[in-house]
Amino acid sequence: MALPTGATIGILADNLRLRRSVLPIPTEDAVRWTRGLGLPRGGRRVLYTGLMYQLIPYIEGLVTAQEQLGDSWLAGFTGVGRQVNKLLNISRFMAHPSREQREAWDRIPRNVALVLQRAGVEFGALYEEDLYSGALAYDLGADEELREHAQIVYAALRRNGVQEVITIDPHTTNMLRSVYPTLIDGYDLRVQSYLEVLTEVAPIPTHRLEGEAAIHDSCVFARYEGVVQAPRDLLEGAGLTLREPEHSGTQTWCCGGPLESLFPKKAAAQAARRVEELRAVSGRGVTMCPLCYVNLQKAAKDRMRFEDISDFLRQAYEA
Amino acid sequence: MTVLQPHLAAEVGVDESFNAEACMNCGICSAICPMDIPHLPRELFRYVELGMRDEVLAHQETVFSCLLCKLCDVNCPAGVHIADNVRSLRHYFNRSVFRI
Ligand code: SF4
Ligand code: SF4
């Protein structure tokens, strides 16, 4: 069954307007990755997560609820409508990731912070002011909510003295680098993904990576942001043999993730097709976006293992 | 009977980046689309340009089934901003149909 599109978009847009995220999560889960890293609050350059990796255990929890309901996670409450969600954050009642699941995803922003620190890059963090970028609202055409939200994100960055932003995932990179300048007059932040920053700094790897992996380019990195060579240079420079699937680089195939919130079955079908392409060249895959990771790993089940690029880089630059 | 709305293209394309009129109907986008979406983007863009609002509204699922992956964009010989045009269509649905 297709989801009621209007009601679904309404709920996500309301969440962004009322709770500053399409899928609001507790502050503790948003900031736990910073523990023990000694990152100053704000400053000229910050590592900005846009909460993408912290959201993953909640999305996974909602997907599990969806499977139990036999439909998308939103189908369970689009019937009761937007009105209830305005008073009560319904998604919090449906997703119950365990502590282990929640903590496991802290690993990715921690990986990135540690690799950047090893490379001698100085940066701070925004802690609870590190907000979701609004990427899903942008894709769903919720333009008014996005415009208002972008101003709030930009104000938090300016308040903290930020001039340069280092991003992790492709969606936050695209929003802060290419979309916000079209929404905000005088937007003047320099935005780079950590993969680009590392390629510029070019630290010498301390450990050699063994073996091979199929590289899955994110559509947003490859076609929206031109980030194609940086991940290849970093991984191959550390010794990993990369296998290119049939659709690769600027011609990459999508993981299906963008359809997860409205048409989960279509999303799963596209993920399955992409997994077959990747599996044809290697039994191990490397992703650079949390949504790609979740969609592809779910479709592959135990037939193929995916790892985030930061896991490889953390190994390559370990002390 | 088809009712034509001459201002539809202007209503959908809120800014100058909406460039559906550049499409020359070559079919590359349809051939390359991983989702095999038959009406996107060529037919839909024609409906918008011709002001065929009912036809556009009848393809709601098509509009929301696009991955916005831009595989079509980077291969379009006419430089049509296909994914951005689809976003504009979604915004039109949100405003005019769903009343968000
Ligand atoms: S590839 Fe471009 S010009 Fe050709 S049909 Fe598609 S949108 Fe039109
Ligand atoms: S952006 Fe949409 S229409 Fe274009 S190739 Fe991707 S899924 Fe198909």
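Everything numeric here is computed off the predicted structure, so don't read it as measured data. In what follows, chains are A, B, ... by sequence order, proteins preceding strands, each numbered from 1.
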Problem - salt_bridge(A:D217, A:R232) N-O dist < 4.0 Å - result: yes
Fill in the blank from the handout: Most contact-rich option vs chain A, by heavy-atom pairs under 4.5 angstrom, among B:L71, B:V86, B:V74, is B:L71
Fill in the blank from the handout: Honestly, the part of A:T182 sitting under 4.5 Å from a heavy atom of chain B is neither
Exercise for the section: Can you tell which part of B:N75 gets under 4.5 Å to a heavy atom of chain A, answering side chain, backbone, both or neither? Expected result: side chain
Practice task
May I have the step-by-step check of salt bridge (Lys or Arg N to Asp or Glu O under 4.0 Å) for A:R279 and A:E276, ending in yes or no?
Solution key: CA-CA 5 Å; A:R279 231 160 61 88; A:E276 288 317 307; 3.4 Å; yes
Exercise for the section: Counting only heavy atoms closer than 4.5 Å, note whether B:D84 contacts chain A via side chain, backbone, both or neither. Expected result: side chain
Handout entry: Salt bridge present between A:R147 and A:E144 (N-O < 4.0 angstrom)
Key = no
Fill in the blank from the handout: Cut-off 4.5 Å, heavy atoms of chain B, and the answer for A:Q270 is side chain
Problem - Atom pair SG/CD of A:C219 and A:Q251 - distance to nearest 0.5 Å - result: 11.0 Å
Problem - chain B contact via A:R273 - side chain, backbone, both or neither, heavy atoms under 4.5 Å - result: side chain
Practice task
State, without any angle test, whether B:R53 and B:Y92 hold a side-chain donor-acceptor pair at a distance under 3.5 Å.
Solution key: yes
